[in-house]
A.B. asks: 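Sharing a structure with you now.
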Amino acid sequence: MVKRSEDDDDDDDDDDDDEPQCVWIASDGERFQQLVLPCRLRRQSEAEDPTISSGVGCCHRLNWIRSPEGMFTLTEVASLNDIQPTYRILKPWWDVFMDYLGIVMLMLAIFSGTMQLTKDQVVCLPILEQTPDGAEGFFGPQLPETADSLWNKESAIGEQAAPLMAKRPPDSIAPPVHFTQSGTFGQPQPTGVRTKLDFQQYVFVNQMCYHVALPWYSKYFPYLALIHTIVLMVSSNFWFKYPKTSSKIEHFVSILGKCFESPWTTKALSETACEDSEENKQRLAGASSLLKHLSTSSEEGSPNQSAPILTKSGVTFSVEKLVSEVPSMTILDKKDGEQAKALFEKVRKFRAHVEDSDLIYRLYAIQTVIKTVKFILILCYTMTFVASIDFDHVCEPEIKHLTGYARFHCTHNMAFMLKKLLVSYIAIICVYGIICIYTLFWLFRRPLKEYSFEKVREESSFSDIPDVKNDFAFLLHMVDQYDQLYSKRFGVFLSEVSENKLREISLNHEWTFEKLRQHVTRNPQEKQELHLFMLSGVPDAVFDLTDLEILKLELIPEARITAKVSQMINLQELHFYHCPAKVEQTAFIFLRDHLRCLHVKFTDVAEIPSWVYLLKNLRELYLVGNLNSENNKMIGLESLRDLRHLKILHLKSNLTKIPTNITDLSPHLIKLVVHNDGTKLLVLNSLKKIMNLAELELLNCELERIPHAIFSLNNLQELDLKSNNIRTIEEIISFQHLKRLTCLKLWHNKIITIPVSISHVKNLESLYLSHNKLESLPSSLFTLLKLRYLDVSHNSIVAIPLEVGFLQNLQYFAITGNKVEVVPKQLFKCTKLRTLCLGHNCISFIPEKIGQLSQLTHLELKGNCLDRLPPQLGQCSHLRRSCLIVEDHLFDSLPMEVKESINQESSVSFPNGCKCLSDGR
């Protein structure tokens with residue numbers, strides 16, 4: 001039975017000791033003070049709980065007290081295991097299971113730590129050694145003693161051994177207390193073994209034995225478990241936190257979620273599911289109508305194998321289907337379409353970025369290895385300490401000089417609970433380790449840095465979905481452990497076929513027939529022309545413009561010419577500028593029979609569509625791009641032989657030699673244009689074989705002389721050597737053998753003189769010598785009596801020879817930008833002149849005989865030193881103000897009637913002249 005005793009007054013103690021203290025008394029009479037607290041704590045307890053009265057006493061068990069600011073909660077520690085909710089798709093079942101196990105271990109560690117902080121203690125009693133007189137040991141029978149004898153004996157025996165023991169209080173202060181065997185207070189006599197120790201000595205012994213007798217693992221197990229659990233939690237989610245991987249993971253999860261929820265994904269997969277049956281129905285229903293609407297079209301299943309035509313994989317582009325199909329399932333609103341197109345671009349860039357490395361895979365493997373090693377380490381050292389946790393301990397703290405006892409018998413109140421918690425912790429960590437080993441097996445049993453969409457390709461029409469590698473592949477493998485539907489939907493945005501479908505749908509919604517009709521213009525030849533620039537494809541409505549004659553497609557990477565082009569019966573000219581167009585079988589047949597002119601602009605020769613070389617009725621072919629000598633073989637492939645009706649071939653490139661396969665066109669090629677970008681054309685021997693060539697242009701080819709191969713072209717009528725480095729033209733005498741040569745263009749060169757031998761080229765009708773370095777014109781030049789066009793502008797000519805009057809057929813004469821001071825009267829004998837350009841010279845006077853030029857329609861006098869104009873200009877009945885290029889003050893100096901005559905409006909067009917007023921010049 002437990003009793004309470006209070007001392008009301010004790011003047012010898014400190015302030016805290018002034019208050020009464022409580023003492024626990026053992027039922028056997030042995031006084032055992034487990035705890036003494038000042039009664040102010042009792043009063044606090046009474047204030048907190050009114051049921052506690054002062055009569056009950058102020059004895060309470062000592063608890064560890066911690067303020068809220070100095071502790072952490074389970075929620076705060078568990079947050080180490082938290083990830084963003086969107087990352088759950090990258091958490092396979094084993095990671096989720098390990099997360100829960102981590103939370104359980106965390107709760108176990110915190111629970112055991114809390115128990116240890118609040119309840120863990122060691123209670124010790126001294127072990128009495130056997131005395132020589134045969135005294136009884138613990139709990140032996142003792143004679144009843146009074147309080148006086150008790151204090152006296154203790155004072156006599158233990159004063160030297162226990163200096164900290166309180167001295168006996170005076171009789172006046174502490175009245176005697178008698179211990180009897182009775183059940184009432186003061187009646188029973190104490191039994192047991194006296195220990196001669198004071199309360200403070202017991203507290204001291206308990207603290208010493210807690211640190212000496214208990215194994216270290218019993219004291220630090222909760223903290224170790226907490227640290228291990230935190231390390232495991234951090235290791236499990238480190239790849240989500242590490243900056244170089246978390247950014248990629250965040251981007252991937254964001255894109256994946258948008259792809260999964262995109263309406264385009266649902267529509268694309270829905271169309272795929274019903275596409276096969278729909279195709280069969282369309283083929284059966286459209287077989288007869290196909291023959292009625294288009295006799296030249298062929299069935300999709302029988303393409304011409306000799307022609308490199310676009311094959312249809314997964315999508316049917318037959319005419320009947322395109323005309324009759326109502327795209328009910330493929331209708332997307334503009335917002336959804338734009339979002340889907342943005343997703344395609346994001347997926348493309350993300351793939352290029354992530355496939356370059358395997359950092360995510362390596363980091364996940366490393367953190368799994370770390371967790372496995374950690375599990376083995378924990379298991380090894382924990383198993384060895386399970387048996388060391390015990391309830392009873394014998395303590396030898398070496399404090400006999402303080403207490404009088406060398407050995408103590410101690411009990412650890414938390415031993416049983418700690419042992420159970422440790423066994424539970426070992427069981428959980430074993431399960432955790434088995435899962436880690438399974439994860440390693442999954443990581444290394446197959447290559448996770450490669451991912452194949454083979455199953456998706458088999459189930460859908462998107463057979464072009466590429467396989468991925470490295471981190472991209474690993475992330476998709478992780479997603480498959482969550483739900484394989486994510487990867488299937490994601491694959492839609494890796495397919496170019498799917499992207500082209502989306503672009504086609506969006507394009508057709510945006511570019512309607514009415515909108516395209518507004519963009520149709522008329523070129524200078526009064527032909528209807530449509531120019532489409534930087535679109536995702538060719539709108540279907542384009543093929544409904546049946547009166548269109550010229551179609552220009554520029555920077556359209558996915559240009560597709562469908563069978564509907566057969567409706568464009570007036571189409572004769574196509575332009576593909578950086579646009580590797582693909583055509584269907586039926587469309588190719590139509591183009592092969594109807595197309596007359598084709599322009600192809602490219603960066604590399606491989607971009608030229610292969611079907612171009614099979615257009616047997618093509619008349620004009622313009623190729624603009626890189627055709628250097630290394631790629632000349634690619635131009636040939638003996639494919640030009642099929643262009644049996646080609647008349648004009650224009651090559652604007654960087655050739656160093658004339659391609660040899662051009663000779664395949666020799667029987668029918670009439671005009672050849674080689675326009676270089678400044679690359680020197682070295683080899684021209686192939687020109688000799690093109691015997692029927694009538695027009696030859698070698699522009700900007702860095703030629704220094706007139707090539708000798710040209711002199712073999714007996715049918716040559718026009719030669720243009722513009723923008724070269726020709727300095728001398730002594731070889732011009734050889735042109736006398738070219739009886740049909742009528743036009744010679746040597747402009748934009750560095751020619752200094754015109755040889756006298758030019759008089760042998762009797763049939764010349766047009767001579768272009770502008771932008772050279774001529775200083776004079778030889779008299780022999782004016783013996784070319786057939787000359788109708790002479791341009792020597794922008795040279796350094798100082799005088800016009802008097803022999804110019806011999807050119808009675810001259811209709812165009814330009815000597816602008818020279819140093820001419822005098823205009824000879826003989827010039828006005830050329831009465832057929834219609835254009836006379838004398839501007840920007842040093843002319844100070846215009847002869848009155850200019851009035852003899854009755855057919856003059858264009859006169860340029862601006863930039864000279866004139867102070868007046870001859871009134872005889874009024875006799876030039878066809879001259880109008882818009883074609884009279886002269887300063888305003890000079891024009892105002894003319895008589896009124898002359899000005900009125902010149903100001904008359906006219907819309908009459910003249911050859912080699914200008915269209916007055918209506919031209920807007």
A.B. asks: To the nearest 0.5 Å, how far apart are OH in Y451 and CG in N470?
C.D. replies: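 Result: 15.5 Å between the selected atoms.
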
A.B. asks: Enter the distance from D471:CG to L363:CG here, rounded to the nearest 0.5 Å.
C.D. replies: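 One finds 9.5 Å between CG of D471 and CG of L363.
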
A.B. asks: A quick test of your reading: do over 12 heavy atoms of other residues, nucleotides or ligands sit less than 6.0 Å from OH of Y223?
C.D. replies: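 More than 12 heavy atoms, drawn from other residues, nucleotides or ligands, come within 6.0 Å of this atom.
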
A.B. asks: Could you give the distance from NZ (K419) to NE2 (H412), rounded to the nearest 0.5 Å?
C.D. replies: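 The distance works out to 13.0 Å.
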
A.B. asks: Using 30° and 60° as the class boundaries, would you call the ring planes of F221 and Y217 parallel, tilted or perpendicular?
C.D. replies: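 Judged by the thresholds at 30° and 60°, the geometry between F221 and Y217 is tilted.
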
A.B. asks: How about V123 and Y202: do any of their side-chain heavy atoms sit closer than 4.5 Å?
C.D. replies: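 Sidechains of Y202 and V123: no contact.
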
A.B. asks: Mark yes or no for whether Q116, through its side chain, and K219, through its backbone, hold a donor-acceptor pair below 3.5 Å.
C.D. replies: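 Yes, the answer is positive, given that a donor and an acceptor are paired below the 3.5 Å cut-off.
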
A.B. asks: In Å and rounded to the nearest 0.5 Å, what is the CZ to OH distance from F238 to Y242?
C.D. replies: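 Between F238 CZ and Y242 OH, I get 6.5 Å after rounding to 0.5 Å.
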
A.B. asks: Would a distance-only check, ignoring hydrogens and angles, find a side-chain to backbone donor-acceptor pair under 3.5 Å from N206 to C124?
C.D. replies: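 Between the backbone of C124 and the side chain of N206 there is a qualifying donor-acceptor contact (under 3.5 Å).
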
A.B. asks: Is the side chain of S112 donor-acceptor paired with the backbone N or O of A109 at a distance under 3.5 Å, no angle test?
C.D. replies: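 Checking the backbone N and O of A109 against the side chain of S112, a donor-acceptor pair under 3.5 Å is found.
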
A.B. asks: H393 versus P215: any side-chain heavy-atom pair under 4.5 Å?
C.D. replies: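 In short, these two side chains touch, coming nearer than 4.5 Å.
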
A.B. asks: When you measure from the side chain of H228 to the backbone of F375, do you find a donor-acceptor pair of N or O atoms at a distance under 3.5 Å?
C.D. replies: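 Checked: no pair found.
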
A.B. asks: Hey, are the side chains of Q121 and Y210 touching, using non-hydrogen atoms and a 4.5 Å cut-off?
C.D. replies: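 SC-SC contact between Q121 and Y210 ruled out.
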
A.B. asks: So that I can confirm a possible disulfide, could you see if the SG-SG distance for C209 and C410 falls below 2.5 Å?
C.D. replies: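 No, C209 does not link to C410 through a disulfide.
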
A.B. asks: For F490 together with F472, are the ring centres under 6.0 Å from each other?
C.D. replies: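 Between F472 and F490, the centre distance is under 6.0 Å.
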
A.B. asks: Are there over 12 heavy-atom neighbours, none belonging to Y482, within less than 6.0 Å of that residue's OH?
C.D. replies: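 For Y482, atom OH is crowded (more than 12 foreign heavy atoms under 6.0 Å).
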
A.B. asks: Within the distance-only criterion (no hydrogens, no angle test), does the side chain of Q201 pair as donor or acceptor with the backbone N or O of L402 below 3.5 angstrom?
C.D. replies: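 Here the side-chain-to-backbone pair exists.
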
A.B. asks: In terms of heavy-atom contacts, does CZ of F416 have more than 12 from other residues, nucleotides or ligands at under 6.0 Å?
C.D. replies: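 Count not over threshold, so no.
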
A.B. asks: Any chance you could lay out the side-chain contact (heavy atoms from CB on, under 4.5 Å) test for M208 and C395, step after step, and finish with the verdict?
C.D. replies: CA-CA 9 Å; M208 288 293 295; C395 175; 5.8 Å; no

A.B. asks: State, without any angle test, whether K244 and S357 hold a side-chain donor-acceptor pair at a distance under 3.5 Å.
C.D. replies: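 Short answer, no.
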
A.B. asks: According to the interplanar angle, ranging from 0 to 90°, do the rings of W94 and W442 count as parallel (below 30°), tilted (30 to 60°) or perpendicular (above 60°)?
C.D. replies: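 Ring orientation, 0 to 90° scale: tilted.
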
A.B. asks: Within this structure, what is the CZ-CG distance for the pair F240 and L90, rounded to the nearest 0.5 Å?
C.D. replies: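 F240 atom CZ to L90 atom CG measures 5.0 Å (nearest 0.5 Å).
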
A.B. asks: If only atom types and distance count, is the side chain of D120 paired as donor or acceptor with the main-chain N or O of N413 below 3.5 Å?
C.D. replies: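 Between the backbone of N413 and the side chain of D120 there is no qualifying donor-acceptor contact (under 3.5 Å).
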
A.B. asks: Keeping E396 on the side-chain end and R407 on the backbone end, is there a donor-acceptor pair under 3.5 Å?
C.D. replies: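 Judged by distance alone, no pair lies under 3.5 Å.
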
A.B. asks: Are any of the side-chain heavy atoms of F204 and D198 separated by less than 4.5 Å?
C.D. replies: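 Heavy-atom side-chain distance check fails, nothing below 4.5 Å.
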
A.B. asks: Which distance, rounded to the nearest 0.5 Å, do you find between the CG of D95 and the NZ of K371?
C.D. replies: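 Taking CG in D95 and NZ in K371, the distance rounds to 5.0 Å.
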
A.B. asks: What do the steps show when you test F350 against S254 for side-chain contact (heavy atoms from CB on, under 4.5 Å), and what is the final call?
C.D. replies: CA-CA 11 Å; F350 177 78; S254 174; over 6 Å; no

